[in-house]
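Worksheet: the structure to be examined is printed underneath.
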Amino acid sequence: MPQHAAGPPCEDDFEAVTSAVLGASRLLVAISARSLAAAEDRVTLPQFRMLLVIRQGETKLVTLAERLEVNPSTALRMVDRLTAAGLVSREVNPSNRRETLLRLTAEGRRVVEDVTTRRRTEIATIVARMPACQRQALITAMRAFNEAGGEPPPGAVPLGWPDAPPA
């Protein structure tokens, strides 16, 4: 039985842990899908991810494509749709007139905030049903899981999945 660095021996059941994480993954995907459902008539999941990245600050199309790991032509088509929907604006970069900067419109910010708030509220409702000691254990376990998976620390949002709307 493996030893934890600062505590008693730990049971190690990879299959049970893997099954539990898969179950949590299904739940979180369902929550994300439900939170986006109200905005589905306006944006798809890939477009929503794009809105989240743009929300972090004005960005260039090439940078946006890199952060989303898509081709610039794919990003351009998505930006065209989001601009037509009134969710993204484009402005010429005053520092380099060959570049276009992308920003969320007020309506784009509202869509992002509504979806993010819905997701956060549903997760908070589920967490509130757990005993306090299990919530503490979940924090520890999720931090370790995220770290083992290479997920950036809280506050960093490389692929556009924020914990909460910006202040």
Next on the checklist: Test of understanding: clusters of I, L, V, M, F, W, Y form through side-chain heavy atoms closer than 4.5 Å, transitively. Do Leu64 and Leu45 belong to the same one?
Outcome noted: yes
Checklist entry - Where the side chain of Asn71 meets the backbone of Ser73, is there a donor-acceptor pair that is under 3.5 Å apart? => result no
Checklist entry - So which heavy atom on Lys60 is nearest to which on Leu101, and how close? => result CG-CD2, 3.8 Å
Item to check | Side-chain heavy atoms of Met50 within contact of Leu68, under 4.5 Å | outcome: yes
Checklist entry - Applying the 4.5 Å side-chain criterion to the ILVMFWY set and letting contacts propagate, would Ile139 and Phe145 be lumped into a single cluster? => result no
Checklist entry - Are Val21 and Leu28 grouped together when hydrophobic residues (ILVMFWY) are joined by side-chain heavy atoms under 4.5 angstrom apart? => result no
Item to check | Sidechain-backbone polar pair: Thr74 side chain, Val70 backbone, donor-acceptor under 3.5 Å | outcome: no
Next on the checklist: Set out, in order, the CA-CA distance, both residues' side-chain angles and the distance that settles side chain to side chain contact (heavy atoms under 4.5 Å, CB included) for Arg119 and Arg34, then state yes or no.
Outcome noted: CA-CA 8 Å; Arg119 186 177 70 231; Arg34 286 191 297 267; over 6 Å; no
Checklist entry - Hey, are the side chains of Arg55 and Leu51 touching, using non-hydrogen atoms and a 4.5 Å cut-off? => result no
Checklist entry - If you look only at pairs with a residue in residues 82-91, which of them pass as a side chain to side chain donor-acceptor pair (under 3.5 Å), with sequence neighbours excluded? => result Asp80-Arg90, Thr83-Arg90, Glu91-Arg103
Checklist entry - Say you draw a straight line from CZ of Arg135 to CE of Met130; how long is it, rounded to the nearest 0.5 Å? => result 7.5 Å
Checklist entry - Going through the distances and angles, do Glu147 and Arg143 end up as a side chain to side chain contact (heavy atoms under 4.5 Å, CB included)? => result CA-CA 6 Å; Glu147 185 177 315; Arg143 284 181 178 156; over 6 Å; no
Checklist entry - In Å and rounded to the nearest 0.5 Å, what is the CG to CD distance from Leu61 to Glu99? => result 10.5 Å
Checklist entry - Can you hop from Ile31 to Val111 via hydrophobic side chains spaced under 4.5 Å? => result no
Checklist entry - At what distance, to the nearest 0.5 angstrom, does CG of Leu104 lie from CD of Glu113? => result 9.5 Å
Item to check | Arg42 side chain to Gln47 side chain, donor-acceptor N/O pair below 3.5 angstrom | outcome: no
Checklist entry - Side-chain heavy atoms under 4.5 angstrom apart, residues restricted to Ile, Leu, Val, Met, Phe, Trp, Tyr: same cluster for Val79 and Val53? => result yes
Item to check | Arg109: partners by salt bridge (charged side-chain N to carboxylate O under 4.0 Å, His left out), with sequence neighbours left out | outcome: none
Checklist entry - Between atom CD1 of Ile126 and atom CG of Leu138, what is the distance when rounded to the nearest 0.5 Å? => result 11.0 Å
Checklist entry - Can you check side chain to side chain contact (heavy atoms under 4.5 Å, CB included) on Ser35 and Glu122, steps first, answer last? => result CA-CA 8 Å; Ser35 70; Glu122 189 168 348; 5.9 Å; no
Item to check | Ile54 side, atom CD1; Leu82 side, atom CG - distance, nearest 0.5 Å | outcome: 6.5 Å
Checklist entry - Are side-chain N/O atoms of Glu151 and Asn146 paired as donor and acceptor at under 3.5 Å? => result no
Item to check | Rounded distance [0.5 Å steps], CG in Leu36 versus CZ in Arg49 | outcome: 12.0 Å
Checklist entry - Which atom pair, heavy atoms only, marks the closest approach of Phe48 to Thr116? => result CZ-OG1, 4.1 Å
